[in-house]
Amino acid sequence: MADAPDRILLKVSDLHKRFGANVVLSGASLTVPRGSLVAVLGRSGSGKSVLLKCLANVVQPDSGVITFDGKELRSDTPSARADFRRRCSFLFQSNALFDSLTALENVALPLEQTTDLKAKEVLERSMEALKQLELDVHSESYPSQLSGGMQKRLALARAIVTQPELVLFDEPTAGLDPLRRNAVFTMIAKYQRQFGFTALIVTHDVPEALLASDRVALLSNGQMGFEGTPEEFASSQDPFVTSFRDSEASLSSQLHSIRRGETIQSKES
Amino acid sequence: MKQTQMEFLVGGFVLLGLAAIAYLTVKLGAGSIVGGDTYALEARFTNASGLNVGGSVQLAGVPVGRVEGIRVDPVDFTAIVTVSLLKDLHLSTDTMASIKTTGLIGDKYISLAPGADESLLEPGARITMTESSVDIESLIGKMAFGSLDTEKEKAPAP
Amino acid sequence: MVRSVGRYTLSIVQALGDFTLFTGHSFGSALGSRKLGRRVLRAMFEQGVRCLPVILIVGIFTGLVLGLQGYYVLNRFGSESLLGTLVSLSIIRELGPVLAALMLVGQAGSALAAELGIQRNSEQIAALETMGISSHAYLVAPRLIAALLVYPMQTALFCTIGLWGGSISGSMLLGLEPGVYWSAVERAVESRDVSECLLKAVTFGLLTVGLCAYHGFNAHRNKSATGARAVSASTTRAVVQSSIIVLAADYVITSFLI
């Protein structure tokens with residue numbers, strides 16, 4: 001079902017990218033069905049962010065084909081690229097909010113600059129997006145005055161205000177504690193269903209990703225080692241997957257034991 | 001900062017800036033003799049040292065024109081100075097032009113002394129009665145060595 | 001040795017070409033940009049209103065000290081009447097455009113380089129591009145357009161206040177007749193001097209604002225530093241190179257026009 005051509009929104013095949021002698025991507029492929037939430041897993045340094053930046057056209061791939069909604073994106077197809085940019089939003093790891101603009105101005109910016117909407121319409125749609133992400137009381141605040149979670153929501157509001165069909169998330173949970181990680185994934189899954197966009201999330205938080213996503217892909221050594229449903233991922237006997245799963249599991253159990261130790265200690269003291 | 005307040009301040013700045021540009025170009029840049037129609041005359045000097053293009057031409061101490069060009073006559077090796085004068089200033093043919101200095105080392109300018117002749121100088125004509133610039137160094141030298149009275153300034157042949 | 005000279009020359013040529021493309025692209029991208037006027041206004045506020053005090057202060061002191069020094073030098077030759085000539089020609093031909101540009105580099109240019117550097121660092125510039133907003137049109141073009149308008153105004157204000165400074169020290173403090181001073185000013189200054197002054201101001205504005213934006217915008221391409229260090233390094237480089245280019249361009253323009 002996922003392979004029927006009109007069901008596939010984004011398809012990446014055989015993507016190569018190297019920075020000098022450092023080969024980051026060596027033939028990465030990925031299929032993103034329309035309306036799904038796809039998580040790309042991988043260790044840090046496995047080229048996840050570069051893959052996403054190639055998609056967002058921040059980084060130029062050396063070779064490979066990216067197809068969006070049946071149309072191939074190349075540097076010599078500017079109209080297809082422009083169409084892609086209009087229908088796709090990118091959520092940066094650092095949120096990349098404009099710190100000299102208020103929350104409302106941040107959300108209004110893409111509408112103001114890339115559409116012909118009237119000022120009143122821009123304001124209405126921006127306020128609507130803020131309201132949906134429960135930020136309307138902070139519309140006049142600057143990003144630096146908001147908490148980390150609110151900044152993430154504001155970045156999401158800015159990403160969805162243009163009503164994109166595809167939203168790319170670059171490590172949305174980087175540097176967050178497990179509780180917040182869960183909250184962010186829940187937020188993404190919730191709004192993904194509410195607004196009906198397709199989401200591609202690059203992350204290394206395996207348990208949260210497995211819970212929230214429809215499909216999982218594992219990037220390792222610049223290639224896609226696994227693609228399938230979370231259930232398939234959890235039960236896969238592929239050596240790539242098992243080694244990744246095991247190392248992540250042992251790492252997280254280590255972390256949890258350290259945390260538990262800390263909390264016990266702090267209770268004692 | 002509010003948009004309106006910024007607009008107000010920038011507007012004030014632009015007005016101030018434009019006023020300053022206007023002051024420089026209109027009040028100062030136009031010079032003391034304002035544009036208007038001019039006509040050209042020539043004058044021949046044995047020595048035009050220190051005189052510059054753009055220098056002032058005065059009559060009775062009033063600026064009435066400016067030096068447009070200085071060149072050497074290839075035949076008799078004198079300096080030919082072209083000046084532009086205000087159109088409504090009609091000079092007689094025996095007008096005398098002399099190169100003078102403001103102060104001891106100041107700017108050189110051309111001073112015109114009106115004559116009494118009935119006929120007037122046509123545009124492009126040449127002023128024949130001229131007095132060259134005084135070479136201060138040689139003047140001082142002559143004073144120092146006492147030979148001032150033995151030489152006299154020679155006016156070029158008309 | 002010869003090779004390193006060659007390599008160095010090539011790198012300079014490449015940087016110059018890159019800078020020219022950057023400036024040209026920024027102007028070109030401004031054509032289709034939406035809400036450009038508001039951002040030009042903001043840039044004019046930063047370069048104009050914010051920098052006005054420093055321009056006026058430096059301008060008046062330049063005039064004052066020129067008047068003072070000029071008076072004592074000319075006094076030796078009994079030519080105090082030429083004070084207006086000295087002050088007006090020095091300020092309008094050279095000091096006005098150069099000092100005003102240097103002050104603007106120090107205040108507005110450094111701020112611009114740092115701001116763009118931080119925006120590059122926090123991926124705000126990349127974010128603009130992914131939204132389909134040209135970062136050249138959004139961030140650089142308004143600054144360049146504002147510079148074309150603001151630099152001549154600031155320079156003219158500097159010159160005007162400088163002439164007044166010269167008159168204050170010459171006539172009020174040292175007893176020269178104000179009429180003598182101002183008539184010398186009016187006699188000395190020609191329209192050529194004023195247009196040269198304004199031409200210099202426009203050129204300096206384009207070069208310095210372009211350079212500061214270029215270095216801030218490309219803070220990530222710094223090879224020797226990253227992060228906050230890269231921002232500080234690119235800001236320093238922007239200010240130093242802008243100051244040098246003002247003096248170098250001044251020499252070139254003067255030698256062509258004189």
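Below, chains carry the letters A, B, ... as their sequence lines are ordered, and counting in each starts from 1.
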Enquirer: Report, in residue-number order, which members of residues 140-156 of chain C are under 4.5 Å from chain B by heavy-atom distance.
Expert: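 Answer by number: C/Val150, C/Pro152, C/Met153, C/Gln154, C/Ala156.
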Enquirer: Counting only pairs under 3.5 Å, give me each side-chain donor-acceptor contact of residues 53-65 of chain C, with atom names and distances, residues two or more places apart or in other chains.
Expert:
from, atom 1, to, atom 2, distance (Å)
C/Thr62, OG1, C/Val58, O, 2.6

Enquirer: Could you grab the distance from atom CG of B/Leu24 to atom CD1 of C/Ile92, nearest 0.5 Å is fine?
Expert: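 Interatomic distance, B/Leu24 CG to C/Ile92 CD1, rounded to 0.5 Å: 5.0 Å.
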Enquirer: Could you pull out the closest heavy-atom pair between B/Ala20 and C/Thr160, with the gap in Å?
Expert: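 Minimum heavy-atom separation between B/Ala20 and C/Thr160: CB-OG1, 3.7 Å.
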Enquirer: Kindly compute the distance separating CZ (B/Arg66) from CD (C/Glu190), expressed to the nearest 0.5 Å.
Expert: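 Going from CZ on B/Arg66 over to CD on C/Glu190, the span is 5.0 Å.
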Enquirer: Would you compute the distance between atom CD1 of B/Ile21 and atom SG of C/Cys197 and round it to the nearest 0.5 angstrom?
Expert: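 One gets 9.0 Å once the value is rounded to the nearest 0.5 Å.
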Enquirer: Could you tell me which portion of C/Ile161 (side chain, backbone, both or neither) has an atom closer than 4.5 angstrom to a non-hydrogen atom of chain B?
Expert: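 Neither part.
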Enquirer: For B/Gln3 and C/Arg38, which heavy atoms make the closest approach, and how far apart are they?
Expert: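 Minimum heavy-atom contact is NE2-CG, 2.8 Å.
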Enquirer: With a sphere of 6.0 Å drawn around CD of C/Gln69, does it hold more than 12 non-hydrogen atoms of other residues, nucleotides or ligands?
Expert: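 Not buried by this count: 12 neighbours or fewer within 6.0 Å.
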Enquirer: Using non-hydrogen atoms only, which part of C/Leu41 is less than 4.5 Å away from chain B: side chain, backbone, both, or neither?
Expert: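 Its backbone and side chain both get close to chain B.
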